[in-house]
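Below is one structure; the comments refer to it alone.
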Amino acid sequence: MTIVIRNRQGKKLSVEITGPDEAPVVLFSNSLGTDKGMWEPQVNALKADYRIVTYDARGHGASQIVENASLENLGADAIDILDGLSIAKAHFCGISMGGLTGLWLGIHHPDRFHSVTIANAAARIGVPVAWQERAETVTGHGLAPVVSGTPARWFSDDFDYKQDALAMRTIQSLADTSPQGYAAACRALAGADLREQIRQIPIPVLIIVGTRDPVTTVADGQFMQAHIPDSKLSELAASHLSNIEQPAAFSQELRHFIESLV
Ligand SMILES: O=C(O)CC1=CCC(=O)O1
């Protein structure tokens, strides 16, 4: 079932709910330039046992474009979705920008989450000047200059993304993202640096890294593990979109982690 939830700014967020009503909830958050469809393998792997909530981050997919976005806004949208669905507590899983959102949630709203899974992310992703430049590029020239270089960042050479339907759909979702929404997310990433704060996260955290990820590296994952008290690190042989490149292993790691907590 796809529904629209208005966030606290009155903006529409597109939300998909799958699985039994009474089951434990897992809330998934997508990466920059993608949409909630990227979680298809995880939804299929978990939907018999969990109530799965996926959503398009603001300015992505079918969610409304909001000119200004900060990491706090991205985190608040996740809380607004839980509130809109009357969900008191959920497991969270986010990738890249969605993973950074998960770190923010673990710091600021740990009472709303049983656990947080942070995939292919870092306490600070890249450097602010590069995000500002990318925001300016897409504002001036649209997504095309970004789309051409993206498969090499998202997928490793060992993964034939052209033969993978979800990978190709996800690349198309990037091409379809509004430049304004993408630029706003870049600016949110430019301002996001949680390196000093992640030690405050009091809930269990699973950190998934891709050993072939050139964007958020194994060292980024090790940094998070060293600073988040109750955290464990899992390595997948994948690049940046590890949930698409290694769908079964990703889903299994997530399930084992969640089920190890009960
Ligand atoms: O540059 C990319 O597309 C990779 C990425 C960085 C943050 C994010 O969410 O995706």
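All ligand and atom numbering here is 1-based and tracks the order in the structure. Because the structure is predicted, anything quoted here is derived from the model rather than measured.
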Problem set entry | Other residues, nucleotides, ligands: >12 heavy atoms within 6.0 Å of Q200 CD | yes
Exercise. Between I125 and ligand 1, is there a nitrogen or oxygen pair with a distance under 3.5 Å?
Worked result: no
Seminar exercise, completed: Near W131 (heavy-atom distance under 4.0 Å), the atoms of ligand 1 are 6 (C), 7 (C)
Problem set entry | Presence of salt bridge, R112 and D83, under 4.0 angstrom | yes
Exercise. For atom 1 (O) of ligand 1, which candidate among H240, H60, M97, R153 holds the nearest heavy atom?
Worked result: R153
Exercise. Between H109 and F113, is the gap from one ring center to the other below 6.0 Å?
Worked result: no
Exercise. For V127, what are the other residues in its hydrophobic cluster, where any two members join if their side-chain heavy atoms are less than 4.5 angstrom apart?
Worked result: V129
For this session: Please determine if S31 has a nitrogen or oxygen closer than 3.5 Å to a nitrogen or oxygen of ligand 1.
Result: no
Exercise. Does any N or O atom in Y182 lie less than 3.5 angstrom from one in ligand 1, N or O only?
Worked result: no
Problem set entry | atom 8 (C) of ligand 1 [closest protein heavy-atom partner, distance rounded to 0.1 Å] | S96 OG, 2.6 Å
For this session: Using a strict cut-off of less than 4.0 Å between a Lys/Arg side-chain nitrogen and an Asp/Glu carboxylate oxygen, indicate whether E40 and R169 qualify as a salt bridge.
Result: yes
Problem set entry | Under 3.5 Å: N/O of L32 near N/O of ligand 1 | yes
For residues 248-262, which side-chain N or O atoms pair as donor and acceptor with protein atoms under 3.5 Å away, sequence neighbours left out?
| from | atom 1 | to | atom 2 | distance (Å) |
| --- | --- | --- | --- | --- |
| S251 | OG | Q42 | NE2 | 3.2 |
| S251 | OG | P247 | O | 2.9 |
| E253 | OE1 | S234 | OG | 2.9 |
| R255 | NH1 | D49 | OD2 | 3.0 |
| R255 | NH1 | E259 | OE2 | 2.9 |
| R255 | NH2 | A45 | O | 3.0 |
| R255 | NH2 | D49 | OD2 | 3.0 |
| E259 | OE2 | Y50 | OH | 2.9 |
| S260 | OG | F257 | O | 2.6 |

Exercise. Taking only heavy atoms of R134, which atoms of ligand 1 are found under 4.0 Å from at least one of them?
Worked result: 1 (O), 2 (C), 3 (O)
